[in-house]
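Quick caveat: nothing in here was measured; it's all calculated off a predicted structure. Numbers restart at 1 for each chain; the letters A, B, ... are given by sequence-line order, proteins then strands.
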Amino acid sequence: MKDQLYIYNTLSRKKELFKPLIPERVGLYVCGPTVYGDPHLGHARPAITFDLLTRFLTHLDYKVRYVRNITDVGHLENDADEGEDKIAKKAKLEELEPMEVAQYYTNRYHHYMGMLNVKDPSIEPHASGHVIEQLEVIKSIVDKGYAYESNGSVYFDVKKYDENFPYGILSGRKVEDLISNTRILDGQSEKRSAPDFALWKKAAPEHIMRWPSQWSEGFPGWHLECSAMSKKYLGDQFDIHGGGMDLLFPHHECEIAQSTVDNGKIPARYWMHNNMITVNGQKMGKSLGNFITLEEFFTGNNKNLEQAYEPMTIRFFILQAHYRSTLDFSNAALQAAEKGFDRLRQAMANISKINALDKSSVDIAIFEQNCYAALADDLNSPVLIAHLFDAVKTINSLIAGTQSITQTDLMQLNRLMNLFVTDILGLDVSIDQNNGNDDKLHEVMDLLLQVRNDLKDKKDWATADKIRNQLNDIGFEIKDGTTSATWQLK
RNA sequence: GGUUCCUUGGCCGAGCGGUUAGGCACUGGUCUGCAAAACCAGGUACGGCGGUUCGAGUCCGCCAGGAACCUCCA
């Protein structure tokens, strides 16, 4: 199984067999959030995608070191020459220390990712805590002659790089095109050429986030933190680099250029990019202002939401699409996901009600094989889920008595459902908190249903229906069986 | 303008040359006092036009429409 995982590599634009540099170990670096705003649905996608990846790799017995950064410096707005740091800008706006802003949104990010059942990475380095490492990378690049100083700032020399290395191998861009297609250069530009990018930026007097360096008091450039921190925690070269497709260019391209000069090799061997979540076919994003925060999804407090959605509905919704496809948000799609997930969750709870027989009409081995094959095929979670729904049908049929299963197969079925649904897809199917874990409530409900049963025996349908309807209004779903009834909270 | 990619049934979404993806919704049946749930059954879609092939949503070309990136963005 381990030697059959195929991953789509953006570098080659092909699915490739995954082979780690060091057997049994995987080094994974994923671009995390810039903490200057509340986490929205778009942030959930890479978090869940790479959570699925680490869960699966871990299941395959790899020892995974998962590094996901927190960007709390850098990421200039507008043109580099007049850019303003996003965190600093927000801080000024809210009259806070920049670190207060970063801390606040970092906490929020952690909280909501936790609700989505996203496991913490092994290391979560902050850019602000790695300025020294970033300065070292700059020095290394300057020493090798691929960067130049200009007015206290340091820029990466893309033209020179392109003479000796393949600039654009990830995004397919050509330097000449970049030069000719860039808008008219700012007259005061400190850059020699349009595609050059800042490694170090001299701070304007009003700029509050600043560190000393041999060039100026300033701050590190956009793309540097990932080069510096991946090197520190994963080495000169590691296995997988992940992030959103919108980071492909220029961020990851620049990262490759920096690290290649610094270490003499491309930093990661497999580059994975998750696609965007869209709203009406358009990317959900901070700048477009069409994003819905996770808090809003969970409370329903947004004009575009018809209702609140549970975190697991959101997770299921995202996993129902392949990570490399765009996923269009709509209430209808989310409501469909909610119902589908509920059916899956219900079936999971019902496995315990199945009676084993001495013969199986179901083939568990094929089911298992199908599930693994789906995951091994570039993490095809929608196909995996399709197979899981086949199992749901099987479970329901077993309860309905139209199929049979042996004790051995039943245990295997139970194990596999838990493995794929809970452990690997990370879907929390527990319905405890939702089902009233109050013993007294159970007793009262049982009493009520017993009374109703007596009414039914007397053919007092009016009163029996009244009880059922009103319980329904309160939020209890009543399912009548042939002899007794069961209930659950909706 | 450049680079990359997408267009599948009522909706969401798989599919990588040849047999039903799956979910939601819908229709009929079974069960039920009636419902609900569940089970059984049902609808045959692939933007347009050419081409390759015994055979094409699936490969190639052209056209139409859309998206992402080329400024920060997951």
**Request:** Using atom CZ of A/F249 as one end and atom P of B/U3 as the other, report the distance to the nearest whole Å.
**Result:** 13 Å

**A/K15 NZ to B/U58 C1', straight-line distance once rounded to whole Å** = 12 Å

**Item:** Side-chain donor/acceptor contact of A/R343 with base of B/C24 under 3.5 Å
**Value:** no

**Request:** Over 60° means perpendicular and under 30° means parallel, so classify the ring planes of A/F291 and A/H40, tilted if in between.
**Result:** tilted

**Prompt:** When all nucleic acid strands are considered with a 4.0 Å heavy-atom cut-off, which category describes A/N380: base, sugar-phosphate, or nothing?
**Reply:** sugar-phosphate

**Message:** How many whole angstroms separate atom CD1 of A/I385 from atom C1' of B/G13?
**Reply:** 10 Å

**Asked** In whole angstroms, how far is the P atom of B/U71 from the CD atom of A/E253?
**Response** 13 Å

**Message:** Taking the C1' atom in each of B/C59 and B/C16, what is the distance between them to the nearest angstrom?
**Reply:** 10 Å

**Prompt:** Any chance the rings of A/H251 and A/W222 have centres within less than 6.0 Å?
**Reply:** no

**Asked** For A/T278 and B/A68, is the shortest distance between a side-chain N/O and OP1 or OP2 below 4.0 Å?
**Response** no

**A/K456, nearest nucleotide to its side chain (from B/G33, B/C72, B/A74)** = B/G33

**Asked** In whole Å, what is the span from the CD atom of A/E477 to the P atom of B/A36?
**Response** 10 Å

**Request:** Could you give the distance separating B/G13 and B/G17 at their C1' atoms, to the nearest angstrom?
**Result:** 22 Å

**Check: A/Y66 ring centroid to A/F50 ring centroid under 6.0 Å** = no

**Which nucleotide in B/A74, B/A21, B/A37 has an atom nearest any side-chain atom of A/P382** = B/A21

**Minimum-distance nucleotide to A/A400 side chain [options: B/C24, B/G13, B/C39]** = B/C39

**Request:** Give one of base, sugar-phosphate or nothing for A/G42, where a contact means two heavy atoms less than 4.0 Å apart.
**Result:** base

**Message:** Counting only side-chain heavy atoms from C-beta out, which of B/C12, B/A25, B/G33 sits nearest to A/K339?
**Reply:** B/A25

**Message:** At 4.0 Å (heavy atoms only), tell me whether A/M245 reaches a base, stays on the sugar-phosphate, or touches nothing.
**Reply:** nothing

**Message:** Within the 4.0 Å heavy-atom criterion, would you say A/D328 contacts the bases, only the backbone, or no part of the nucleic acid?
**Reply:** sugar-phosphate

**A/F389 atom CZ, over 12 foreign heavy atoms within 6.0 Å** = yes

**Request:** Let me know, please, whether A/F317 or A/G244 comes out on the 5' side of the other along RNA chain B by nearest nucleotide.
**Result:** A/F317

**Asked** Using 30° and 60° as the class limits, which term best fits the ring planes of A/Y29 and A/H241: parallel, tilted or perpendicular?
**Response** tilted

**Message:** Measure CD1/A/I354 against P/B/C39 and give the value in whole Å, please.
**Reply:** 12 Å

**Prompt:** Considering only B/C72, B/C16, B/G33, which nucleotide approaches the side chain of A/W461 most closely?
**Reply:** B/G33

**Fill in**
Of B/G2, B/C72, B/G13, the nucleotide closest to the side chain of A/L327 is B/G13

**Complete:** Regarding the side chain of A/S397, the nearest nucleotide among B/G33, B/C39, B/C70 is B/C39

**Spacing of A/K393 atom NZ relative to B/C40 atom C1', expressed in whole Å** = 8 Å

**Request:** Determine the Euclidean distance between corresponding P atoms of B/U7 and B/G15; express it in Å to zero decimal places.
**Result:** 10 Å

**Aromatic ring proximity A/Y309/A/F317, centre distance under 6.0 Å** = no

**Asked** Between the side-chain atoms of A/R468 and the base atoms of B/A36, is any donor-acceptor pair under 3.5 Å?
**Response** no

**Prompt:** If we take the C1' atom in both B/U8 and B/C46, what is their distance in whole Å?
**Reply:** 4 Å

**Message:** Distance criterion of 3.5 Å, no angle test: do you see the side chain of A/D177 paired donor-to-acceptor with the base of B/G1?
**Reply:** no

**Message:** Once rounded to the nearest 0.5 Å, what's the spacing between atom CG of A/L379 and atom CD1 of A/I424?
**Reply:** 10.0 Å

**Message:** Distance check, P atoms only: B/U44 and B/G22, in whole angstrom units.
**Reply:** 15 Å

**Prompt:** Which one, B/A74, B/G22, B/G33, comes nearest to the side chain of A/D465?
**Reply:** B/G33

**Request:** Can you tell me, in whole Å, how much space there is between the C1' of B/G61 and that of B/G43?
**Result:** 35 Å

**Fill in**
Atom CG of A/D342 and atom P of B/A37 are separated, to the nearest Å, by 11 Å

**Asked** If you look at every strand shown and take non-hydrogen atoms under 4.0 Å, does A/P39 touch a base, only sugar-phosphate, or nothing?
**Response** nothing

